[in-house]
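To start, the structure under review is shown below, and the notes come after it.
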There are 2 protein chains.
Amino acid sequence: MNPAERDRYQQVADDLRRRVEAGEFKVGERLPAIPAIAESYGIARNTAHEAVRTLAQWGVVVSKSGSGTYVRARPGVRQLIRCYDRLRGEGGPIANGLETAARRQGMRSYSSQSIYAPMEVRVRLGLGDPDLEDRPDVMETEYLHQLNDEPTMIVRSWEVLTITRGTPIALPEEGPYAGRGVMERMAGIGMAVDSTSEVVGARAASSEECVKLQMPPGAPVLTIRRTFWVGGQPVETADYVIPADQVELAYSWRIGQAPEDRDTAV
Amino acid sequence: MNPAERDRYQQVADDLRRRVEAGEFKVGERLPAIPAIAESYGIARNTAHEAVRTLAQWGVVVSKSGSGTYVRARPGVRQLIRCYDRLRGEGGPIANGLETAARRQGMRSYSSQSIYAPMEVRVRLGLGDPDLEDRPDVMETEYLHQLNDEPTMIVRSWEVLTITRGTPIALPEEGPYAGRGVMERMAGIGMAVDSTSEVVGARAASSEECVKLQMPPGAPVLTIRRTFWVGGQPVETADYVIPADQVELAYSWRIGQAPEDRDTAV
DNA sequence: TCGAATTTGTGCGTATGTATC
DNA sequence: GGATACATACGCACAAATTCG
């Protein structure tokens with residue numbers, strides 16, 4: 001037998017999703033309360049709770065403690081355009097397949113400190129032996145971005161201090177380029193970022209992240225490890241943690257005729 | 001007080017993760033059984049089970065029913081290189097930051113059918129009015145990829161039949177280019193794919209996907225909507241569903257000096 | 001303003017099913 | 001087949017948040 005249909009709470013969760021998608025419960029509306037669900041399906045309250053929790057993990061609904069569980073808006077997904085091929089004209093990927101990006105972030109709080117880079121960051125930044133004078137070698141900054149008073153992502157960035165030390169941009173959020181973004185600030189001291197690499201993954205949010213991002217436990221997050229390069233040399237790297245709820249990452253690029261391209265394209 | 005520390009099962013999950021990361025339990029080793037955990041922390045078996053389940057959602061451990069819960073290998077992550085800047089030489093992003101990709105997929109089972117494209121696919125492929133003769137207009141193929149007898153991803157692809165109909169590549173897994181990948185097959189009929197767009201997201205796996213991919217319920221998956229373009233015209237689009245467990249997507253690209261670049265780079 | 005009712009979330013004890021060894 | 005371990009299910013209780021009279 002199909003193991004997915006063996007468990008009651010899965011059956012109920014699947015059925016509730018079907019009913020939501022069939023339009024029986026509109027976006028923003030409240031689902032029946034857990035005790036009501038339990039009775040109508042002939043299951044225990046606990047099992048009904050498990051079903052609703054599953055629905056919430058799927059992103060179909062959000063549960064507000066003390067209030068109820070509400071059908072979530074599906075089309076509210078923001079696309080973050082990460083990389084795109086500007087050579088395309090009208091009718092290209094952007095115009096046809098990808099919507100406009102929400103470029104403006106909302107507020108962001110931050111805190112910076114110069115530290116001795118941890119091992120993983122050393123590798124990513126290509127830092128060799130420690131500073132001879134044993135000084136901190138990176139500026140670490142943690143941001144909490146918010147949009148409409150709701151947290152949208154956590155960013156931790158590390159900038160190479162041997163590059164920025166003593167310049168006006170040493171502190172990311174002070175000086176003439178305060179809050180301008182890494183590329184613009186680097187450009188301010190003559191470092192033109194010419195290359196980007198990103199590694200994208202996903203996992204369930206840690207309990208700490210659930211608190212900071214106001215997410216239910218177990219909800220998935222997208223993770224990005226991004227590095228900026230100047231002439232083959234990494235100058236900054238950052239970790240993004242983004243609730244997978246409402247965000248998608250858009251990439252678009254041109255393809256050459258090298259055989260490697262055909263190999264990698266699954 | 002920190003709400004994350006209010007719940008017992010969260011505390012225990014956090015503590016177990018700390019112990020795993022501290023090396024108390026090595027990779028591949030078995031954790032204490034749930035009843036043992038329950039006793040040692042002074043909690044109910046049920047609560048201990050919840051803690052272990054949380055650990056599994058975090059990807060720290062995998063639970064094998066009837067056997068035990070085992071610490072999972074962290075460094076075993078496969079990086080799928082999606083897009084990279086080939087102009088970089090040694091010492092560039094690839095060499096320093098990104099490891100070699102596992103290009104070879106394992107086995108894959110598939111099934112194809114020519115259908116009338118659903119609405120969402122029509123939009124992605126830029127299909128206008130339906131075929132005058134009301135014939136199917138796309139070839140839909142579903143793949144289940146496997147590596148070492150373990151499912152690695154589900155792919156559903158749609159190819160535009162007005163392009164491939166009557167050609168040797170109409171059926172993806174038959175003819176001279178059977179199983180060669182979309183780009184190579186398209187090249188076989190003179191269609192040189194010159195552009196790619198991808199939209200990456202993440203969510204909890206549906207119950208159906210959990211079965212096909214042999215994942216625990218609620219585990220996160222990466223999703224990719226990919227489209228291949230020829231001269232501004234989409235020729236194929238596909239949906240990827242990949243367990244977020246052990247996979248990361250690597251992107252790397254060059255950056256121009258246009259101001260838009262600095263805007264989009266957060 | 002206050003308190004009662006409702007709702008979600010957690011915790012416990014127990015029982016049962018199923019997979020593995 | 002028996003022992004062990006994980007997974008689900010139920011019933012109950014309580015805490016915290018919200019709603020509403």
Side-chain angles (χ1 to χ4, degrees), chain A residues 1-16 25 28-57 60-72 205 207 210-211 214-219, chain B residues 1-16 25 28-57 60-72 205 207 210-211 214-219:
Chain A
M1 184 194 301
N2 187 343
E5 295 183 3
R6 192 188 49 211
D7 304 330
R8 291 294 283 137
Y9 81 95
Q10 289 272 7
Q11 292 175 29
V12 173
D14 281 332
D15 190 61
L16 284 174
F25 309 106
E29 262 184 33
R30 231 190 61 184
L31 243 59
I34 288 178
I37 291 176
E39 199 199 4
S40 69
Y41 281 95
I43 57 179
R45 266 189 283 257
N46 220 327
T47 308
H49 177 264
E50 198 62 24
V52 172
R53 174 199 225 181
T54 302
L55 270 189
Q57 275 184 339
V60 177
V61 298
V62 283
S63 291
K64 293 188 195 301
S65 184
S67 173
T69 80
Y70 301 85
V71 179
R72 214 179 53 183
S207 55
C210 286
V211 175
Q214 297 180 12
M215 301 164 55
Chain B
M1 183 195 296
N2 187 344
E5 294 183 4
R6 193 188 49 210
D7 304 330
R8 291 294 282 136
Y9 81 96
Q10 288 271 7
Q11 293 174 28
V12 173
D14 282 332
D15 191 59
L16 285 174
F25 309 106
E29 261 184 33
R30 232 191 59 184
L31 243 58
I34 287 178
I37 292 177
E39 198 200 6
S40 69
Y41 281 95
I43 57 180
R45 267 189 285 257
N46 219 329
T47 308
H49 178 265
E50 198 63 26
V52 172
R53 174 198 223 182
T54 302
L55 269 189
Q57 276 184 338
V60 177
V61 299
V62 283
S63 291
K64 294 188 195 301
S65 185
S67 172
T69 80
Y70 300 85
V71 178
R72 213 177 55 181
S207 54
C210 286
V211 174
Q214 297 180 14
M215 301 164 54

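Per chain, numbering begins at 1; letters A, B, ... match sequence-line order.
- When the P atom of C:dG11 is taken as reference, atom CZ of B:Arg53 falls 13 Å away, rounded to whole Å.
- With hydrogens and angles ignored, the 3.5 Å screen pairs no side-chain donor or acceptor of A:Arg8 with any backbone N or O of A:Gly42.
- Across every non-hydrogen atom of A:Leu55 and A:Ala13, the tightest pair is CD2-O, 3.6 Å.
- The two atoms that bring B:Ile34 and B:Ala48 nearest to each other are O-CB, 3.7 Å, heavy atoms only.
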>> Treating primed atoms plus P, OP1 and OP2 as sugar-phosphate and everything else as base, which nucleotides of nucleotides 13-21 of chain D get B, S or - for protein heavy atoms under 4.0 Å?
In response: ----BB---

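- Between the CD atom of A:Glu39 and the C1' atom of D:dC10 there is a distance of 16 Å, given to the nearest Å.
- Heavy-atom distances to DNA chain D give each of B:Asn46 and B:Ala33 a nearest nucleotide, and the one nearer the 5′ end belongs to B:Ala33.
- D:dC6 atom C1' lies 11 Å from atom CD1 of B:Ile37, rounded to whole Å.
- An OP1 or OP2 oxygen of C:dG9 is reached within less than 4.0 angstrom by a side-chain nitrogen or oxygen of A:His49.
- Of all non-hydrogen atoms in B:Arg72 and B:Val62, the two that sit nearest each other are CD-CG1, 3.6 Å.
- Two residues are said to be in side-chain contact when any heavy atoms from C-beta on lie closer than 4.5 Å; B:Leu16 and B:Val60 fail this criterion.
- A straight line from CD1 of B:Ile34 to P of C:dT14 spans 17 Å, rounded to a whole angstrom.
- The nearest whole Å value for the distance from the OH atom in A:Tyr9 to the P atom in C:dG17 is 18 Å.
- A:Ser63 places a side-chain heavy atom less than 4.5 Å from the side chain of A:Val52.
- Of the side-chain N and O atoms in B:Ser63, none sit less than 4.0 angstrom from OP1 or OP2 of D:dC6.
- Between B:Arg30 and the phosphate of D:dA5, there is a side-chain N or O to OP1/OP2 separation shorter than 4.0 Å.
- For A:Glu29, the CD atom sits in a packed shell: over 12 heavy atoms of surrounding residues, nucleotides or ligands are nearer than 6.0 Å.
- As rounded to whole Å, 18 Å separates atom P of C:dT16 from atom CZ of A:Arg8.
- Listed candidates were D:dG11, D:dA9, C:dT10. Nearest to the side chain of A:Thr47 is D:dA9.
- Put simply, CZ on A:Arg45 is 12 Å from C1' on C:dT6, counting in whole angstrom units.
- D:dC6 atom P lies 14 Å from atom CD of B:Glu50, rounded to whole Å.
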